[in-house]
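Indexing begins at 1, ligand by ligand and atom by atom, following the structure's order.
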Amino acid sequence: MSLRLLTLASTVTTALCATYSVTENIVGAGFYDAFNFEAIGDPTEGRVNYVDKATAMSQNLTFASGNKFVLRADSTTVIDDSSPTGRNSVRIRTNNAYTTHVAVFDIAHMPQGCGSVLADMASCVLPPLISNLPKLTNADYSRWETDEANWAAGGEVDILEGVNDQGADQVTLHTVTGCTMPATRDQTGTSLQLDCDHNVNGNAGCGVRVPEATSYGPSFNANGGGWYAVERTDTFINIWFWPRNAGNVPADVKSGAASVNTDSWGTPTANFPNTSCNFPQFFDANNIIINLTFCGQWAGNPDVYAASGCPSTCNNYVNANPSAFVNAYFEFNSLNVYH
Ligand SMILES: *[C@@H]1O[C@H](CO)[C@@H](O)[C@H](O)[C@H]1NC(C)=O
Ligand SMILES: *[C@@H]1O[C@H](CO)[C@@H](O)[C@H](O)[C@H]1NC(C)=O
Ligand SMILES: *[C@@H]1O[C@H](CO)[C@@H](O)[C@H](O)[C@H]1NC(C)=O
């Protein structure tokens with residue numbers, strides 16, 4: 001069968017209903033092929049030292065088995081306060097970039113902090129963990145760090161984020177000026193700020209609070225994790241979350257099927273319609289990025305950190321307490337991308 005026929009067929013199908021076919025089934029060591037390791041200075045100024053692939057593998061900061069991919073931060077080394085960087089960690093970015101697509105993340109564990117003294121240290125130290133970001137060339141990186149507008153021009157979709165917050169995940173879009181969300185939307189989550197403009201309110205973005213407490217951190221992990229899914233088209237972005245044992249996990253999501261029909265997935269957790277945001281104007285082709293940093297511009301903000309009730313300063317805490325990061329790891333069962 002020719003590729004052209006397949007493409008045509010899927011175009012027609014997409015017009016009629018939201019059926020997508022798998023283009024990438026990323027499992028275990030497949031993460032090493034699909035993602036590039038970014039040993040760069042953290043753009044969010046976190047207390048991390050992003051290592052390259054060889055270092056990550058030799059220090060077991062990434063680990064692949066037949067059906068698992070683990071990505072973690074160092075949890076054994078005390079960092080000198082005078083070190084210019086911070087705790088070894090990993091930041092990976094897909095080689096492919098995506099516009100219209102569906103991505104389903106089957107996650108068994110997400111990073112959380114120390115368990116004993118503070119139940120949810122993750123809330124002290126972790127900014128967004130999984131994002132869709134514009135594809136950048138090497139030349140863009142240096143500009144990006146100094147010119148935030150350049151970054152925001154391609155749009156950012158934060159799928160997993162939470163800080164200074166004992167509970168649920170927040171899903172957020174960040175754009176340049178001109179993209180806002182209506183107050184009333186067809187979603188199960190709660191709308192937060194409606195303006196996606198990164199210039200507004202310290203780059204808060206237009207966020208939606210996920211209703212399930214099991215969507216983030218220790219509660220997510222204790223529950224066996226779950227699925228996050230994104231559907232992006234030219235006219236909307238939808239995000240769903242299903243806890244591991246929820247009764248409403250769609251069969252195609254649960255089984256990692258070769259095709260998925262988002263029309264059968266029910267009301268999304270977060271709905272970003274194009275009512276007053278022209279998506280092709282505000283969002284480029286984006287990479288999927290998985291990063292694990294500590295402190296930095298958001299979590300390490302002295303006011304945010306102090307309000308969280310966490311000890312010491314964020315950087316000092318991260319430096320001095322490696323064992324607090326034993327559970328600072330992602331464990332992925334799979335990442336499936338559909339077009
Ligand atoms: C590396 O990490 C994996 C996943 O956490 C673990 O199962 C394995 O035992 C670790 N290997 C070593 C040598 O520590
Ligand atoms: C991940 O990277 C994106 C872009 O640099 C950033 O917005 C986000 O805060 C980072 N999160 C973590 C945990 O590093
Ligand atoms: C939203 O999408 C609809 C349907 O494709 C289109 O007609 C409309 O112009 C879009 N609105 C904006 C603000 O981009």
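Remark: atom 14 (O) of ligand 1 lies closer than 4.0 Å to at least one protein heavy atom. Per-atom contact check: atom 7 (O) of ligand 3 does not touch the protein, criterion being a heavy-atom distance below 4.0 Å.
Of the N or O atoms in Thr235, none lie within a sub-3.5 Å distance of an N or O in ligand 3.
Of the listed residues (Asp234, Asn274, Thr233, Thr275), the one carrying the non-hydrogen atom nearest atom 10 (C) of ligand 3 is Asn274.
Side-chain atoms of Arg47 and Cys314, non-hydrogen and from C-beta on, never get closer than 4.5 Å to each other. Arg91 has its side chain within reach of Ile40: a pair of non-hydrogen atoms, C-beta onward, lies under 4.5 Å apart.
Under the 4.5 Å side-chain heavy-atom criterion for Ile, Leu, Val, Met, Phe, Trp and Tyr, Phe31 and Tyr329 are members of distinct hydrophobic clusters.
For atom 2 (O) of ligand 1, the closest non-hydrogen atom on the protein side is Asn60 ND2, 2.4 Å.
Leu194 and Pro182 get closest at one heavy-atom pair: CD2-O, 3.8 Å.
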Kindly indicate, with the supporting measurements, whether the criterion disulfide bond (SG atoms under 2.5 Å apart) is fulfilled by Cys179 and Cys196. CA-CA 6 Å; Cys179 171; Cys196 309; 3.7 Å; no
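Listed by number with element, the atoms of ligand 3 under 4.0 angstrom from any heavy atom of Asn278 are 14 (O). Those atoms of ligand 1 that come under 4.0 Å of a heavy atom in Arg72, given as number and element, are 2 (O), 4 (C), 5 (O).
The salt bridge (charged side-chain N to carboxylate O under 4.0 Å, His left out) analysis of residues 53-72, with sequence neighbours excluded, yields the pairs Lys68-Glu331.
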